[in-house]
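Here the structure is a predicted model, which is why all the values come from computation and not from measurement.
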Amino acid sequence: MHRRFLNRLPPAWLLLYVVPAMLGSCARRAGSGPQQNEQLYAECEQHSDCRGSGLLCDERRGCVECLEDDDCKRSQSCSLGLCESDSSEQNAPSEHDAAAEKPSTSKPADETNRPGTTDAEPDAAPAPVDDPVNGPSGPANTPTDPAPSVGPASPDPDPNPTPANSQPAEPTPPCAQPPCAASCGDGIVASGEACDDGNAMDGDGCSSTCQVEGGATCEITRNGCEKIGGVCVLRVPATFRDFSGDHLDFGDLGCSTLSTGLVQSELDDQGRPVLIDGTNGCIRSKQSFAEWYVDGANSVTVPGELVLFADGDAFSNRYGPNGERWTVSETGSDSGGSTSLEDCESYCEQVARNTYLCDNTCAPAINAAAQAEFQLTRARNEGADANTIADLEQDVADAQLAVEICETECDAAVEDETATCSASCAPCSFDASLWCSGGKTVQYDGTPTFFPVDGVDGPTRDPDEAQIPEEYGAAGYPWESRITGEAAEHNFYFTTEMHVPFEYEPGMHASVTFVGDDDAWLFINGKLAIDLGGPHVPELGSATIEDSTAAQYGLVEGINTLSIFHAEREKYGSTFRLTLSGFGFEAGPPLSVCTP
């Protein structure tokens with residue numbers, strides 16, 4: 001938020017982590033008679049994955065699950081994990097679709113009605129890409145010739161467009177507190193498994209209990225990651241919920257302060273944060289906060305994803321849809337201070353002419369031509385012979401051609417220099433109300449324009465232009481149109497919920513870093529790890545996953561879960577940078593291929 005200035009589906013391998021944790025691995029089979037039903041029930045009861053996954057065993061269909069009022073129709077009920085109607089008919093859960101829309105690009109309101117200055121300063125700002133968090137620039141999909149002007153290299157500032165007006169059934173939260181259910185037959189070699197070939201069958205080299213069978217050879221391998229432009233990406237499923245500014249906790253709240261200690265130290269049994277009674281953070285009540293991360297009448301739910309791009313073993317979201325980083329001029333590296341773009345371009349031309357000084361540069365050639373003409377004139381006056389006259393005339397022609405070449409080349413150099421300089425004209429790094437040129441470019445991970453619900457229309461849509469924060473190299477919180485040259489209205493007031501499963505093994509060192517606004521909380525296995533509550537300017541938080549924090553976060557060898565909760569509650573900006581480092585996502589999950 002920069003009120004601050006005033007005061008698809010996941011990749012298949014990620015599903016291999018998420019789906020077993022949510023659904024278990026027992027097949028949903030239909031029995032045809034009492035004897036078979038008893039067998040199914042017995043098999044289900046004996047299957048450790050069913051018992052450990054929180055699913056129910058039903059004598060008719062084995063291991064199943066349903067959620068009251070979500071997977072079951074209104075006329076049905078959830079009994080023994082099955083959707084049942086009065087006639088005891090079973091029905092499959094309903095599916096929900098959403099159509100993607102482009103963000104609105106209507107003209108923003110007059111800037112004279114915009115807010116002014118902020119009353120809060122961030123504890124830390126994101127660094128250029130060559131800092132320890134962002135790492136060096138230059139991945140395969142970063143533009144090879146980025147524009148030196150302030151702003152993005154990509155024409156589309158929304159890397160994660162989302163469907164509009166979608167209201168799906170609320171998803172079952174994945175495992176927040178381990179042990180999470182990574183099960184034999186899911187294709188992932190988890191703790192306690194010597195192999196996992198994607199089934200629970202005997203006789204194929206990997207047994208039904210995921211142990212190597214006698215005489216078989218099993219090779220553990222990794223298939224790697226999905227790539228965009230040659231760079232690994234991680235698609236994190238996300239649920240966005242769009243709220244109206246009429247909600248008690250969203251809109252013109254009149255505050256801009258980082259507030260820690262707003263939520264309890266552990267998620268509830270539904271995998272959601274719980275507000276502590278008596279806290280503030282511009283949150284009206286425990287009841288109003290409880291609406292942030294559930295589907296309801298006061299919000300529109302939009303399923304989507306956050307695409308993270310790799311830089312080494314670190315994955316971060318980016319500004320552009322193909323991994324383009326946000327590009328700005330390094331503070332103090334630009335020059336000028338014109339009041340308009342046209343004046344900046346004129347300034348560039350003058351600088352170029354002063355640099356090359358064509359009259360001076362070509363003065364030796366001009367003088368040589370003048371001397372040749374003098375020699376020719378004197379020879380004619382003295383009655384020199386024809387051969388001498390002809391030689392001197394050639395000298396004059398050669399000298400004049402040299403002058404013409406020099407002046408042409410110099411003028412071309414001035415034009416090229418002017419064009420290069422003019423292309424760099426952008427809001428000054430030290431004052432965004434002026435225009436400067438020649439700045440050295442700096443790139444940032446994350447995005448200062450995080451608006452995943454721009455496609456939503458209707459009563460929850462709250463359109464307005466965005467401001468770019470100083471943490472992304474824009475002095476004075478200028479409007480986005482000032483930086484990018486394109487006016488766009490974005491939809492404010494929304495929440496973000498994401499769950500990222502990961503494998504922990506002793507000796508690993510991984511970290512999670514978040515920079516953004518407003519509220520942001522990270523829970524590791526349901527335990528609070530990053531606490532950035534309240535409406536505030538971009539703030540930085542981080543957490544480390546290693547042996548020394550294993551007890552603090554309840555880390556277990558095998559599958560664990562990162563749960564990220566975020567809220568954008570005040571205009572006029574939305575910054576979001578999530579960086580996951582050291583988790584091994586670039587290699588993909590461990591898989592096994594067995595030969596009997």
Side-chain angles (χ1 to χ4, degrees), residues 10 14-25 48-55 65 171-184 186 188-193 196 210 234 236-239 260-276 293 313 315 496-514 519-533 541-566 578-585 589-590:
L14 189 55
L15 283 174
L16 290 176
Y17 284 119
V18 178
V19 173
M22 296 174 65
L23 300 180
S25 65
S48 61
D49 292 329
C50 291
R51 296 201 308 273
S53 66
L55 300 181
E65 179 188 63
T172 302
C175 175
Q177 298 178 353
C180 299
S183 55
C184 179
D186 61 14
I188 302 173
V189 183
S191 177
E193 298 178 347
D196 194 324
C210 285
L234 174 68
V236 179
T239 300
T260 59
L262 296 178
V263 299
Q264 295 182 9
S265 60
E266 295 190 6
L267 297 174
D268 65 12
D269 56 3
Q270 297 298 311
R272 300 186 181 93
V274 179
L275 190 73
I276 297 175
Y293 303 108
D313 69 349
F315 285 75
T496 305
E497 177 181 358
M498 296 181 291
H499 301 275
V500 185
F502 68 94
E503 286 185 290
Y504 171 75
E505 57 183 26
M508 78 177 291
H509 181 89
S511 64
V512 181
T513 302
F514 177 83
D519 315 71
W521 297 283
L522 167 70
F523 292 81
I524 302 175
N525 293 333
K527 296 175 173 54
L528 185 62
I530 293 179
D531 184 5
L532 301 173
S542 63
T544 302
I545 296 171
E546 57 187 4
D547 293 350
S548 64
T549 59
Q552 178 183 356
Y553 300 133
L555 298 175
V556 297
E557 189 171 353
I559 305 300
N560 298 256
T561 304
L562 306 174
S563 297
I564 299 122
F565 298 89
H566 160 262
L578 176 67
T579 301
L580 307 178
S581 302
F583 287 94
F585 293 133

**OP:** Answer yes or no: is there a side-chain heavy-atom contact under 4.5 Å between Leu578 and His566?
**Re:** no

**OP:** Under the side chain to side chain contact (heavy atoms under 4.5 Å, CB included) rule, collect the residues that match up with Ala529, sequence neighbours excluded.
**Re:** Leu522, Ile524, Ala543, Tyr553

**OP:** Work out which heavy atom in Met508 is nearest to a heavy atom in Glu503; give both atom names and the distance.
**Re:** SD-O, 3.5 Å

Original post:
Got a second to check how far His509's NE2 is from Ser581's OG, nearest 0.5 Å?
Top reply: 8.5 Å

**OP:** Mind running side-chain contact (heavy atoms from CB on, under 4.5 Å) on Ile564 and Thr496 for me, showing each step along the way?
**Re:** CA-CA 8 Å; Ile564 299 122; Thr496 305; over 6 Å; no

**OP:** Measure the CG-CD1 distance between Leu562 and Ile545 for me, rounded to the nearest 0.5 Å.
**Re:** 5.0 Å

**OP:** Return the minimal non-hydrogen interatomic distance between Thr513 and Ser542, and the atom names on each side.
**Re:** OG1-CB, 4.0 Å

Original post:
Looking at side-chain heavy atoms only, is the closest gap between Phe565 and His499 below 4.5 Å?
Top reply: yes

Subject >> Residue list, side-chain hydrogen bond (donor to acceptor under 3.5 Å, both in side chains) with Asp313, at least two apart or on another chain >> reply: none

Subject >> Distance (rounded to the nearest 0.5 Å) between Met498 CE and Thr561 OG1 >> reply: 13.5 Å

Subject >> Contact summary for Pro501 and Ile559, nearest pair of heavy atoms >> reply: CB-CG2, 4.2 Å

Original post:
Looking at residues at least two apart in the chain, or sitting in another chain, which of them share a ring-ring contact (aromatic ring centres under 6.0 Å, His included) with Phe583?
Top reply: Phe502, Phe585

**OP:** Taking all heavy atoms of Glu193 and all of Asp196, pick out the closest pair and write down the distance.
**Re:** OE1-OD2, 3.3 Å

**OP:** Nearest 0.5 Å please: distance from the CG atom of Asp531 over to the OG atom of Ser265.
**Re:** 10.5 Å

Original post:
How long is the gap from OH on Tyr504 to CG on Leu555, to the nearest 0.5 Å?
Top reply: 5.5 Å

**OP:** Return the set of residues passing side-chain hydrogen bond (donor to acceptor under 3.5 Å, both in side chains) with Gln264 (not counting sequence neighbours), or none when no residue passes.
**Re:** none

Original post:
Are side-chain heavy atoms of Trp521 and Thr260 found at a separation under 4.5 Å?
Top reply: no

Original post:
Which residues pass the side chain to side chain contact (heavy atoms under 4.5 Å, CB included) test with Gln552, sequence neighbours left out?
Top reply: Thr549

Original post:
With a 4.5 Å heavy-atom cut-off, do Val263 and Phe523 have their side chains touching?
Top reply: yes

